[in-house]
Amino acid sequence: MQRRDYDFEAIEKKWQDYWEKNKTFKVQDFSEKPKYYVLDMFPYPSGAGLHVGHPEGYTATDIVCRYKRMRGFNVLHPMGWDAFGLPAEQYAVETGTHPSITTKKNIEVFTRQIKALGFSYDWDREINTTDPKYYKWTQWIFLQLYKKGLAYIDEVPVNWCPALGTVLANEEVIDGKSERGSHPVIRKPMKQWMLKITEYAERLLSDIDELDWSEGIKEMQRNWIGKSTGAEVDFSVCGQNDKIRVYTTRPDTLFGATYMVLSPEHPLVEKITTAAQKAQVDEYCRKVSTMSDLSRTDLNTEKTGVFTGAYAVNPVNGEKIPVWIADYVLISYGTGAIMAVPAHDTRDFEFATKFSIPIRCILKPDEKEAAAAGIDVASVLEGKLCWPGNGVSINSSNSDGLDINGLEVEAAKKKTTEWLEEKKIGKGAVNYKLRDWLFSRQRYWGEPFPVAHMEDGSIKLLDESELPLLLPELEDFKPAGSGESPLAKAKEWLNYTDPVTGKKGRRETNTMPQWAGSCWYYLRYMDPFNEECAFDLKKEKYWMPVDLYVGGAEHAVLHLLYARFWHKVLYDIGVVSTKEPFKKLVNQGMILGQSYKDERGALVPSDMVEHTEAGPVRKDTREKLTEFAAKMSKSLKNVVNPDDVIREYGADSMRLYEMFMGPLEAVKPWNTRDIEGVYRFLKRSWRMIAETETVNAEMDKSQLRLLHATIKKVSSDLDTLGFNTAISQLMIFANEFSKLDKLPREAAETYVKLLAPFAPHIAEELWEIIGHKDSIAYEKWPEYNEEYIREDEIEILVQVLGKPKARIMMPAGASEELMRNMALENDAVKAAVQGKPLKKLICVPGRLINIVV
RNA sequence: GCGCGGGUGGCGGAAUUGGCAGACGCGCCAGACUUAGGAUCUGGUCCUUACGGGUAGGGGUUCAAGUCCCCUCCCGCGCACCA
């Protein structure tokens, strides 16, 4: 075998061993240096191992960490495992293998793969959510939530998945099917633990403003919380004492309310329904209750509903209006009842049209807005078209002191709300889309709740000294089928006796959802082995908040919202010192795989594709195929395994390619062919340093300029996470300096330092080759000198009428006067101007001149 | 439908925020070295023979527009009867 000049395999092994043996990246608490906490979203260790999406974020954070260390920061950069979860449990159901065994094995694979990329984690802080020493404190936090009144049991219709034998959270149900496995999901009432995240809705919303997160993610969180302001209004039911309370964001349209709608689940439905309508109403309610969420939302296009036979009184004009029930009104939002204003609400309009309910226009549309939307104002006024937009109120006054005619929407809302409050029939109100968090799962592989249900019906919290409450050993991991978790089969474990009173009870059989462990793991890293408390307060004060948090956008709302919620609770009980956990958040974009489709657009698995000179064809039929990028999946066989890439090109090339592909946050297509480019770059770097004589020579002006421009560009790009452009600058440098026969020492040393965060193994090796004994990891980051970057002469573009005509070298600090003269004397410029009179001359110093004639 | 991103060579992507569009890389073409090349090096590579024309399409502001404004089209992501 021929000698490989750049032997990445040996080099990478050597330095990974070195870092491990010397504990190069072990971090000290309370160092004098400024702290910097960089966090990756810790992975669920799945059986499939790492895919190329994982190292994308990990590489980015690792580069930042290595850079910050060289900048003199004390960097906390930990890794751990979000190891509770359904897949290991499903595997246990199928094979009888205990989830802890599967989990352990998977973690070993993940660890090996992650270490092979040379990330500078402090492995001495590794945590695992399934470790009793960890989940003891997850349980402890639950106790705190309960004590604050934020945890309660409620009987709620939940998403029951018969195939999985478990209840799923709303987030785990996609289009009425389970996110995992795509099994049908139906609604079933069950006793569940809930967390009152709604109590924190306002703070979760308003504190978003101070976060350094991408606007997109912040907006998603705002939408998820979904704050709206409006009013609650009471409508009395004709012939009864009952009142129907509605929530509306448009109190200004009360005069246009021509009917009301209750959600089928509304408690008043039964009471107000007349005998004549009872059969129909019951039938409708029955139908809706058995419907899955999917079929219920399916009815999007066609509204359904039934008249209850009852009437209510519109409080602004005393009018009798019919009360209907319809499934387009949700019991879980607002008051579960609405006043319907068909003229100014598209849903009500559809409903009213279908059931021939009067439509009364009480808002004259804004002419401009209506024209822009292509809406005919006259039709709106006749009640033939719906206008949900702006305008002024009409036909909106009563004899009881309310007159909003002529007012714009905002003013009309305000005035109506004041009137309602004065008459004590309503008040201003705020609503959120955010619901309380369904916090139990009917699973084995999760944190047990530290509670017992006592025989007298009370709930007993375990004492802190009884934690952790361990999971019982089981042999059969199948769900109980009744909806209870497999824990219901753990006979002895179930029995609880209060150590103080001797009273008996039964342990909670639900376990916590996977989100629980990830809600506070970033805190445990600061103090991972503390047995006295979840984490030391002084350490928390030193390390928090997380300065940079990188992870996939799939956690844009749920994990990040839940973690923020817990953090605020912990803040309120005084164990954390910051209002928010994650100061800066970056979502890495998904990496897509090379995929193929035929002319009909049918997808073709990658192993069926052959590459010919004319392009990709289908192996068996020779049909022409087109290449495109699609999410990596088993079925398309377009998944790239980092192990293969590392074997072929090395970890440094892998790291560089992941960063060079494009901006961190962008969705990018993987193309194995392109790795060749960064690999060549590393080989060139190798030859430039390792196989070129290093001399103590001065650099000339242009060399100094390039060196310092490179320091500047790489540094500023690292500050803004512009990894792709930083690498391209390093390439420019290597392209130039690799031409030299002898490399000036200063250039060599500086370059290796700049390269080190990106490609640490080769950098360590080169650093050693040019004569250093210690690791490069804590070398001082180079500083640039603006002096050297400045050019003496700058090429100035001269345009005539905006068209480039000449490029003239001018002194760097040339005055406008000088620039102007030099430009006008230029032959090419003279030719373009042709003696025409000068109308205007724009001079941008250091850049260009534009002559207008 | 609503909200948020985005549309630049054959491909991945640059462009100091209004100032020479296409940096850097892949691919491709030509050449050098070579027994050999999936090694390395050199040169070329937006379109057009040219004049010129080009950043999804159309209009506008400006001395100057990929960048700002208006309209249209397309793609991705999120939410989806939230009153």
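None of these values were measured; they are calculated from a predicted model. Chain naming here is simple, since letters A, B, ... match the order of the sequence lines and numbering starts at 1 in each.
- With a 3.5 Å ceiling on both atom-pair distances, B/U61 lacks any Watson-Crick or G-U wobble partner.
- Take A/Tyr333 and apply the ring pair (Phe, Tyr, Trp, His ring centres under 6.0 Å) test, not counting sequence neighbours, and it matches no residue.
- Comparing A/Pro669 and A/Val852 against RNA chain B, the residue whose closest nucleotide sits nearer the 5' end is A/Pro669.
- Distance A/Gln594 CD to B/G12 C1': 11 Å, rounded to the nearest Å.
- Rounded to the nearest Å, the gap between the C1' atom of B/U48 and that of B/G37 is 37 Å.
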statement: Once base and sugar-phosphate atoms are separated, protein heavy atoms under 4.0 Å mark nucleotides 70-79 of chain B, 5' to 3', with B, S and - as --------SS
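- Distances shown here put every side-chain N or O of A/Tyr328 at or beyond 4.0 Å from the OP1 or OP2 atom of B/A83.
- Nearest-nucleotide positions on RNA chain B place A/Glu215 closer to the 5' end than the other of A/Glu215 and A/Asp345.
- Taking atom C1' in both B/C70 and B/G78, the straight-line distance is 27 Å, to the nearest Å.
- A/Trp686 has its CH2 atom 20 Å from the C1' atom of B/C41, to the nearest Å.
- Among pairs with a residue in residues 841-851 of chain A, none fulfils salt bridge (charged side-chain N to carboxylate O under 4.0 Å, His left out), at least two apart in sequence or across chains.
- Among B/A83, B/A39, B/C63, the nucleotide with an atom closest to any side-chain atom of A/Ser228 is B/A83.
- Proximity of A/Lys668 to the phosphate of B/G12: no side-chain N or O atom is located under 4.0 Å from OP1 or OP2.
- Taking the P atom of each, B/G25 and B/C46 are spaced 15 Å apart, rounded to whole Å.
- Contacts of A/Phe235 classified as ring pair (Phe, Tyr, Trp, His ring centres under 6.0 Å), with partners at least two apart in sequence or in another chain: none.
- Base pairing of B/G9 is not made with any nucleotide, judged by Watson-Crick or G-U wobble geometry with both donor-acceptor distances under 3.5 Å.
- When both pairing distances are held under 3.5 Å, B/G1 makes a Watson-Crick or G-U pair with B/C79.
- Rounded to a whole angstrom, the distance from the C1' atom of B/G66 to that of B/G57 is 15 Å.
- A gap of 26 Å separates the C1' atoms of B/G22 and B/G59, to the nearest Å.
- Of the candidate nucleotides B/C63, B/A14, B/A83, B/A83 has the atom nearest to the side chain of A/Thr249.
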message: Output one letter per nucleotide in nucleotides 16-22 of chain B: B when a protein non-hydrogen atom lies under 4.0 Å from the base, S when only the sugar-phosphate is that close, - when neither is.
response: B--BB--
statement: A correct 5'-to-3' footprint of nucleotides 23-33 of chain B, with B, S and - meaning base, sugar-phosphate only and no protein heavy atom under 4.0 Å, is BBSSS------
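- Base pairing of B/A50: no nucleotide in any strand meets the Watson-Crick or G-U wobble criterion (both distances under 3.5 Å).
- Checking the phosphate oxygens (OP1, OP2) of B/C63, no side-chain nitrogen or oxygen of A/Lys839 falls inside 4.0 Å.
- Note: NZ (A/Lys413) to P (B/A83) measures 10 Å, nearest angstrom.
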